[in-house]
Asks: 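One structure, pasted below without further comment.
Note: hydrogens, waters and symmetry copies are ignored here, and every other heavy atom, side chains too, is used. The first residue of the sequence shown is numbered 1, and numbering continues consecutively from there.
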Amino acid sequence: MNYKRLELYVWWKCNQKCTYCMEYPTMEKSWFTRVSKYDILKTLINYKLKWYNHVTYLWWEPLIQPVFFDALKIWKKLWYTILVTTNCTTLHLEKQADKFLPYIDELFLSVEAIFPKDQQKISRTKNYVQWDLVFYNISKYRKWKLLKANIVITNDNIEILFDIVKYLYYKSVKEIAIT
């Protein structure tokens with residue numbers, strides 16, 4: 001079977017305001033633009049008929065989107081391979097990990113810092129990722145083919161870049177992209 005990937009936008013909201021995000025200044029204008037389950041189903045069926053077999057969720061933080069879990073279930077029923085990029089700010093919660101991770105085939109972690117102080121500086125929020133708990137949950141629910149991390153270099157994390165890479169490697173993330 002050929003690899004045909006659909007990139008799908010489910011909603012446009014994020015729980016961070018990262019210093020490197022090009023969309024941050026205007027993203028709040030899009031927060032009330034929503035996509036319904038019907039819209040998602042219609043799009044997925046149309047692309048399935050064209051032999052698409054992979055779907056990538058794009059833009060901002062998927063795990064806080066109200067319709068995202070329903071979208072995951074629809075994707076799986078249509079036999080799509082699912083790739084999700086996440087900032088992981090909710091995956092430390094057992095309930096969230098148990099809900100979402102079993103549906104995900106390929107997980108890309110957005111990792112800009114590993115310590116709360118650095119994360120909060122980059123995200124411009126009080127949010128921080130509890131990485132040890134995230135990786136515990138990932139190992140507990142790991143069913144996907146690919147685990148990858150992406151690190152966006154900023155002025156706020158350039159000095160800790162090596163520490164981030166070491167941490168990810170220690171946590172068995174062997175594929176790391178740096179942008």
Side-chain angles (χ1 to χ4, degrees), residues 3-18 20-24 27 30-31 33-37 39-41 43-45 47-48 52-114 119 122-123 127-152 164 168 171-179:
Y3 178 88
K4 288 185 79 172
R5 181 172 61 107
L6 165 66
E7 295 180 347
L8 188 64
Y9 300 82
V10 176
W11 201 26
W12 295 265
K13 191 168 186 174
C14 190
N15 53 2
Q16 297 191 48
K17 301 168 185 166
C18 294
Y20 59 85
C21 181
M22 297 181 310
E23 302 295 334
Y24 165 66
M27 80 170 147
S30 302
W31 281 4
T33 303
R34 297 187 181 175
V35 177
S36 72
K37 288 186 261 186
D39 294 330
I40 293 168
L41 182 60
T43 300
L44 292 172
I45 289 173
Y47 280 92
K48 197 63 173 180
Y52 281 74
N53 51 14
H54 287 67
V55 65
T56 300
Y57 170 79
L58 294 175
W59 290 104
W60 299 306
E61 179 47 34
L63 303 183
I64 65 168
Q65 314 306 346
V67 73
F68 187 66
F69 184 64
D70 293 324
L72 280 176
K73 293 190 292 187
I74 292 168
W75 294 334
K76 273 297 171 199
K77 286 181 182 174
L78 292 172
W79 295 90
Y80 277 96
T81 298
I82 301 167
L83 181 151
V84 173
T85 299
T86 175
N87 64 30
C88 294
T89 52
T90 62
L91 281 182
H92 68 281
L93 301 168
E94 177 80 20
K95 189 169 96 176
Q96 287 285 94
D98 182 36
K99 179 179 178 179
F100 289 106
L101 292 178
Y103 288 92
I104 298 170
D105 300 303
E106 301 172 355
L107 186 65
F108 285 22
L109 311 175
S110 182
V111 184
E112 281 68 53
I114 50 176
Q119 180 70 44
I122 292 168
S123 72
N127 293 333
Y128 69 92
V129 180
Q130 297 178 35
W131 284 111
D132 287 339
L133 289 174
V134 168
F135 280 106
Y136 172 79
N137 285 335
I138 285 173
S139 68
K140 186 173 182 179
Y141 296 101
R142 187 177 190 160
K143 293 180 171 60
W144 46 80
K145 303 168 191 165
L146 182 61
L147 177 62
K148 208 173 191 179
N150 181 55
I151 304 167
V152 176
I164 297 169
L168 291 170
K171 293 295 185 178
S172 298
V173 179
K174 304 299 186 225
E175 294 199 39
I176 302 169
I178 298 175
T179 54

Asks: Would you please name every residue forming a side chain to side chain contact (heavy atoms under 4.5 Å, CB included) with Ile178, sequence neighbours left out?
Replies: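 Result, side chain to side chain contact (heavy atoms under 4.5 Å, CB included) vs Ile178: Ile151, Ile153, Leu161, Val165, Ile176.
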
Asks: Rounded to the nearest 0.5 Å, how far does SG of Cys88 lie from CG of Leu107?
Replies: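 If I round to the nearest 0.5 Å, the distance is 6.0 Å.
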
Asks: With Glu112, which residues qualify under side-chain hydrogen bond (donor to acceptor under 3.5 Å, both in side chains), at least two apart?
Replies: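 Testing Glu112 for side-chain hydrogen bond (donor to acceptor under 3.5 Å, both in side chains), a comparison that skips the adjacent residues, returns Tyr20, Ser110.
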
Asks: To the closest 0.5 Å, what do you measure between OG1 (Thr85) and CD1 (Ile104)?
Replies: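 That separation rounds to 10.0 Å.
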
Asks: What's the verdict on side-chain contact (heavy atoms from CB on, under 4.5 Å) for Trp131 and Leu168, showing C-alpha distance, side-chain angles and the deciding distance?
Replies: CA-CA 10 Å; Trp131 284 111; Leu168 291 170; 5.8 Å; no

Asks: For Phe108, give me all partners under ring pair (Phe, Tyr, Trp, His ring centres under 6.0 Å), at least two apart in sequence or on another chain.
Replies: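 Once residues adjacent in sequence are excluded, Phe108 has no partner under the ring pair (Phe, Tyr, Trp, His ring centres under 6.0 Å) criterion.
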
Asks: State the OH-CG distance between Tyr136 and Leu91, to the nearest 0.5 angstrom.
Replies: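 It is 14.5 Å, given to the nearest 0.5 Å.
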
Asks: Who pairs with Gln130 by side chain to side chain contact (heavy atoms under 4.5 Å, CB included), at least two apart in sequence or on another chain?
Replies: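 Partners of Gln130 by the side chain to side chain contact (heavy atoms under 4.5 Å, CB included) criterion, ordered by chain and then number, come out as His92, Tyr128, Leu133.
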
Asks: Keeping to residues at least two apart or across chains, list the salt bridge (charged side-chain N to carboxylate O under 4.0 Å, His left out) pairs with something in residues 73-95.
Replies: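 Listed by first then second residue: Asp70-Lys73, Lys76-Asp105, Glu94-Lys140.
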
Asks: For Phe69, give me all partners under ring pair (Phe, Tyr, Trp, His ring centres under 6.0 Å), at least two apart in sequence or on another chain.
Replies: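 Phe69: ring pair (Phe, Tyr, Trp, His ring centres under 6.0 Å) contacts with Phe100, Tyr103.
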
Asks: Could you measure the distance from the CD atom of Gln119 to the CG atom of Asn87? Nearest 0.5 Å is fine.
Replies: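 If I round to the nearest 0.5 Å, the distance is 7.5 Å.
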
Asks: Would a 4.5 Å heavy-atom cut-off, applied to side chains only, mark Val84 and Glu106 as touching?
Replies: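 No. Closest side-chain heavy atoms not under 4.5 Å.
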
Asks: Residues in side chain to side chain contact (heavy atoms under 4.5 Å, CB included) with Asp98, at least two apart?
Replies: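 If we apply the side chain to side chain contact (heavy atoms under 4.5 Å, CB included) test to Asp98, skipping adjacent residues, the hits are Tyr141.
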
Asks: With sequence neighbours excluded, tell me which residues meet side-chain hydrogen bond (donor to acceptor under 3.5 Å, both in side chains) with Thr90.
Replies: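 For Thr90 the side-chain hydrogen bond (donor to acceptor under 3.5 Å, both in side chains) partners, ignoring immediate neighbours, are Gln96.
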
Asks: State, to 0.1 Å, how close Pro102 and Ala97 come at their nearest heavy-atom pair, and which atoms those are.
Replies: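 In this case the closest contact between Pro102 and Ala97 is CD-O, 3.5 Å.
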
Asks: Which residues satisfy the side-chain hydrogen bond (donor to acceptor under 3.5 Å, both in side chains) test with Ser123, sequence neighbours excluded?
Replies: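 By the side-chain hydrogen bond (donor to acceptor under 3.5 Å, both in side chains) rule, Ser123 matches Thr125.
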
Asks: Taking only residues two or more places apart in sequence, or in another chain, which ones meet Lys48 in a salt bridge (charged side-chain N to carboxylate O under 4.0 Å, His left out)?
Replies: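 If we apply the salt bridge (charged side-chain N to carboxylate O under 4.0 Å, His left out) test to Lys48, skipping adjacent residues, there are no hits.
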
Asks: Rounded to the nearest 0.5 Å, how far apart are CG of Leu63 and CG of Leu101?
Replies: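 So the gap between those two atoms works out to 8.0 Å.
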
Asks: Taking side-chain contact (heavy atoms from CB on, under 4.5 Å) as the criterion, tell me which of Val129, Leu147, Asn150 meets it with Leu109.
Replies: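 For Leu109, the side-chain contact (heavy atoms from CB on, under 4.5 Å) check succeeds only for Leu147.
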
